[in-house]
Amino acid sequence: LCDRRQRQMCIRDSIFTVQMHRKIHRNELKELAMEKTATDRRTERTKAKILEALLELSKEKSINEISIRELTERAKIHRNTFYIHYTDVYGILDDLENHMCTVAAEATEQFTPQQLRENASDVLEIIFSYLKERREYCMLMLENRTRISVGQKVLESVFEKYLTAFEDSCDRQAFAFQVQFRYCTSGVIGIVLYWIERGCMESPKEMAELTGKLMTKGLEGAILEVTV
């Protein structure tokens with residue numbers, strides 16, 4: 001009987017110990033998550049300061065004339081802080097471009113290929129709204145990058161998702177397809193740039209509807225050229 005009680009007590013102690021370890025582990029994970037969130041927020045604030053400083057300085061001189069010292073002084077951060085995030089001024093533009101591509105990809109993910117095929121303007125409106133909201137930053141990047149390459153990267157996820165709706169019906173590697181596809185891509189990029197340069201006077205909805213129609217016609221025309 002005594003041995004039985006001792007075994008029961010040992011089992012209870014073991015269960016209690018396991019539960020305590022799990023609780024401690026959960027608390028540690030929670031603390032780590034909170035620390036990471038706080039670090040991410042600090043990083044976002046620092047990068048926002050740097051980007052704002054670059055935008056201000058770009059209105060005074062060309063980007064290749066802006067020194068890291070000027071940038072850090074304007075952003076009110078230490079030089080070492082800058083180098084934690086970037087190696088040079090152009091790294092800021094890389095970050096901005098990547099963010100634009102992420103926004104486009106996330107907008108596209110909300111739709112199935114078929115939904116995108118039937119109404120491309122929905123996803124384009126999200127992208128145009130983002131471009132209008134951050135017009136000055138977009139101009140900063142476009143003025144200091146190859147415009148076509150930037151536009152292609154931003155639109156790539158939209159086009160890729162759209163074309164998967166036709167995946168079994170055309171040869172996307174065919175020369176005829178690639179010629180029309182590139183023509184269509186350049187046209188859409190030209191529309192976006194023209195809209196931004198003239199101050200985003202038209203609403204994102206209006207631009208999305210117009211661009212969506214032209215994009216759909218162009219892509220489906222390319223597909224018809226090589227339909228199997």
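Residues I63 and S58 fail the side-chain proximity criterion, which asks for heavy atoms closer than 4.5 Å. No side-chain heavy atom of V103 sits under 4.5 Å from any side-chain heavy atom of I127. For the pair T72 and T81, the minimum side-chain heavy-atom distance is 4.5 Å or more. Counting heavy atoms from C-beta on, the side chains of L57 and E70 come closer than 4.5 Å. Side chains of T46 and I50 form a contact here, defined as non-hydrogen atoms less than 4.5 Å apart. In this structure, the side chains of F111 and N119 stay at 4.5 Å or more apart for every pair of heavy atoms. Looking at heavy atoms from C-beta onward, W195 lies out of side-chain contact with T211 at the 4.5 angstrom threshold. Between M139 and R134, the closest side-chain pair of non-hydrogen atoms is not below 4.5 Å.
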Worked verdict on M207 versus V192 for side chain to side chain contact (heavy atoms under 4.5 Å, CB included): CA-CA 9 Å; M207 290 303 301; V192 173; over 6 Å; no
Residues K132, F128; criterion side chain to side chain contact (heavy atoms under 4.5 Å, CB included); working and verdict: CA-CA 6 Å; K132 183 172 184 176; F128 273 110; over 6 Å; no
Check the pair K59, E136 against salt bridge (charged side-chain N to carboxylate O under 4.0 Å, His left out), reporting the backbone distance first and the verdict last. CA-CA 11 Å; K59 295 173 182 177; E136 283 193 308; 3.0 Å; yes
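A salt bridge is defined here as a Lys NZ or Arg NE, NH1 or NH2 lying under 4.0 Å from an Asp or Glu carboxylate O, and E209 with K213 fails to meet this definition.
Distance alone, capped at 3.5 Å, places no donor-acceptor pair between the E97 side chain and the D94 backbone. Looking only at distances, a side-chain donor or acceptor of E65 sits under 3.5 Å from a matching main-chain atom of S62.
The two residues I92 and F82 make their nearest non-hydrogen contact at CD1-CE1, 3.9 Å. Of all the heavy atoms in I126 and A107, the pair that sits closest is CG2-CB, 3.7 Å. Between R135 and I196, the shortest heavy-atom distance links the atoms NE-O, 2.9 Å. Heavy atoms only, all atoms of each residue included: L51 and L140 are closest at CD1-CD2, 4.3 Å.
Crowding of K49 atom NZ: a count of heavy atoms from other residues, nucleotides or ligands under 6.0 Å not exceeding 12.
The side chain to side chain contact (heavy atoms under 4.5 Å, CB included) test applied to S129 returns E125, P204, not counting sequence neighbours. The side chain to side chain contact (heavy atoms under 4.5 Å, CB included) check on K47 picks up T43, H85, Y86, D95, with sequence neighbours excluded.
Atom CE of M215 and atom CD1 of I191 lie 10.5 Å apart (nearest 0.5 Å).
The aromatic ring centroids of H99 and Y137 lie 6.0 Å or more from each other.
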